[in-house]
> 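Below you will find the structure I want to go over with you.
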Amino acid sequence: MSMDGAEVLKRTLIEDEAAILDAWYASLREGTSLQSGRIREAELQTQAKAVYGQLRDALANGGVEADGEQYTSLREALADISRSRAIQGFTPTDTANFVFSLKAPVFAAIGKAHGTDAATLAAGTWAASKILDRLGLHTMEVFLESREEVIGRQGQEIAELSTPVVRLWDGILALPLIGTLDSARTGVVMENLLQAIVDEEAEIAIIDITGVPTVDTLVAQHLLKTVAAARLMGADCFVSGIRPQIAQTMVHLGVELNVVSKATLADAFALALRQTGRKVVRQQVSAEGRR
Amino acid sequence: MDRIPILKLGGVLIVTIQVDMHDRLALALEEDLTAMIVRTGARAVLIEISALEIVDSFIGRMLVSIAAVSRILDADTVVAGMRPAVAITLVELGLELTGIKTALNVERGMALIQSRLAEEEEDGCGGDREVHEG
Amino acid sequence: MTVKSTKVETLPIRSGDDVVRVRQRVRALAIEIGLGLVDQTKFVTAASELARNALDYGGGGEVRAEIVQAGMRKGLRLTFEDQGPGIADIEQAMTDHYTSGGGLGLGLGGAKRLSNEFHIESTPGAGTRVTIARWK
């Protein structure tokens, strides 16, 4: 009489543990994970051994349903491995192969033990296949999730990095914009600037667009919205650094920018100083000073 | 709370909105302020909204009409302390606070009011007053 | 991508106080799904506009709030319903500064600009339903 697939697999995993692990290690060694130098062989083997042990325990009570409760700790262990792989920059193939490369050794072990009993062999192989495939997919899902998280965080970081708010003087801020403005970025820019206005109690903010390659209707709209929001909060906003070509393009496109604008950041700063009741004067250089 | 308290400081009426505004409260404030401007002859109204988490079109309309009424009664209106998120939302909503002056905080708002009052006095009766040089 | 909703609740809109309650509840849900401060403020403001519309023009109604999920993305969806006179010309009602009552006429257009998704259907004489959603 043929045995239940889970039972076959469980026994094989217990009885043939040393051989299966050896074959798995060998297979992992051949994979590209080690060659990339991102992980050491000893660490890889420790992980493999831990996963193997948990798989064996899960099988003892949980049957072949890898989504079941008995597999929770195994799934979590794999998720941890997968997450660290994603952060370390492993390829998806390397990550998936960690689980999938266990298949061949397990199949071989089942074949060796039950080679003469076709029904048992089939049942055992099917059970192993079902569980390992499910676990492999789970690994990939976690891997992709982690990658998306990493990408999302990087996007956020880039957006924040690229919008520094600089304090030029007491109550005067400058925001030198560099690169193309899209709505997601403008959102971050706007928030940073307005928050800085509150934090610094700034009266005037200068948005310098020297580093912005093109100003189309959309960008102009974003700028106007920022200026309008700053005004609602009680601060004035100037725009500086509109290059000649951009000014021309804007006129040709019919883009209107109804804000105080100056050619250079220096001009805008001078205006800001004047508006806040200050002025810059050249100091008389005396003969003594020149010495 | 049924009414938002209004403080009088010199010729300025000061209102701090600390609660989530419901519509009745907004209407009551508008009425009270109007009555108070007439009664005290106040020259300016300062509305501090740093505690307001949102300004929707209803509250926006309240602010605009307070400003409009004040203007008729010869008083300036300054809204102080609007939060960044609220300002961004108002712009997106398309609401313009016409006729309203803004300030970052109460201190700045008071300074703005004082300087305007000083200007007006100079304009109005420059001959009687000391003339500032420069 | 399929969208599934995980948490559903219904709030009445019968008085000015209800409008405040809707705002507070929407704020709490927006925080729960992890919306940033500006997005929270935008969406709460949109909710406030629509709740007041339902009250002032629809004679009261209710709002259904759902936390929705599409793949990895979480969002908040609100459905405002009233049994009021309805809107005959939706296009006109959506125009900024158009109002049939005493408002500023920014409610519908504003709510649309403050949301990621906006959908309105109305049957004259039977009521209006407006659905808005904001995604994280």
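Sequence lines set the chain letters: A, B, ... in the order given, protein chains first and strands last, and positions in each chain run from 1. What you see is a predicted model; the values in this text were computed from it and never measured. Every heavy atom of this structure was used, including side-chain atoms; hydrogens, water molecules and symmetry mates were not.
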> Rounded to the nearest 0.5 Å, how far apart are NE2 of B:His22 and CG of C:Asp18?
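The NE2 atom of B:His22 sits 11.5 Å away from the CG atom of C:Asp18.
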> With a 4.5 Å cut-off on heavy-atom pairs, point out which of C:Asp39, C:Leu37, C:Asp17 contacts chain B the most.
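If we count pairs closer than 4.5 Å to chain B, C:Asp17 comes out on top.
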> Is it the case that more than 12 heavy atoms not belonging to C:Arg113 sit under 6.0 Å from its CZ atom?
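It does: C:Arg113 CZ has more than 12 such atoms within range.
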> Could you walk me through whether B:Leu93 and C:Glu49 pass the side-chain contact (heavy atoms from CB on, under 4.5 Å) test, one step at a time?
CA-CA 10 Å; B:Leu93 189 63; C:Glu49 299 295 337; 3.7 Å; yes
> Tell me, yes or no, whether the heavy-atom count around B:Glu107 atom CD, taken from other residues, nucleotides or ligands under 6.0 Å, exceeds 12.
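Count not over threshold, so no.
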> Are any non-hydrogen side-chain atoms of B:Ile88 and C:Lys42 less than 4.5 angstrom apart?
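Of all side-chain heavy-atom pairs linking C:Lys42 with B:Ile88, at least one is under 4.5 Å.
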> Please determine whether the number of non-hydrogen atoms from other residues, nucleotides or ligands lying under 6.0 Å from atom CD of C:Glu91 exceeds 12.
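Counting neighbours around CD of C:Glu91, 12 or fewer heavy atoms of other residues, nucleotides or ligands fall under 6.0 Å, so no.
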> Less than 4.5 Å apart, any side-chain heavy atom of C:Thr41 and any of B:Arg83?
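No, too far: nothing below the 4.5 Å cut-off.
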> Hey, does B:Ile54 have a side-chain heavy atom less than 4.5 Å from the side chain of C:Arg27?
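The answer is yes, as the side chains (C-beta and beyond) meet within the 4.5 Å cut-off.
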> Taking CD in B:Glu96 as the centre, count heavy atoms belonging to other residues, nucleotides or ligands within less than 6.0 Å. Is the count above 12?
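Check fails, neighbour count at 12 or below.
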> Measure the CZ-OG distance between B:Arg24 and C:Ser15 for me, rounded to the nearest 0.5 Å.
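Those atoms lie 7.5 Å apart.
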> Using non-hydrogen atoms and a 4.5 Å limit, figure out which bit of B:Val55 sits close to chain C: side chain, backbone, both or neither.
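Only the backbone of B:Val55 comes within 4.5 Å of chain C.
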> Within the structure provided, determine whether C:Arg52 and B:Asp23 are in side-chain contact (heavy-atom separation under 4.5 Å).
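A side-chain contact under 4.5 Å exists here.
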> Side chain, backbone, both or neither: which part of C:Gln40 has a non-hydrogen atom closer than 4.5 Å to chain B?
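Contact with chain B involves no heavy atom of C:Gln40 at all.
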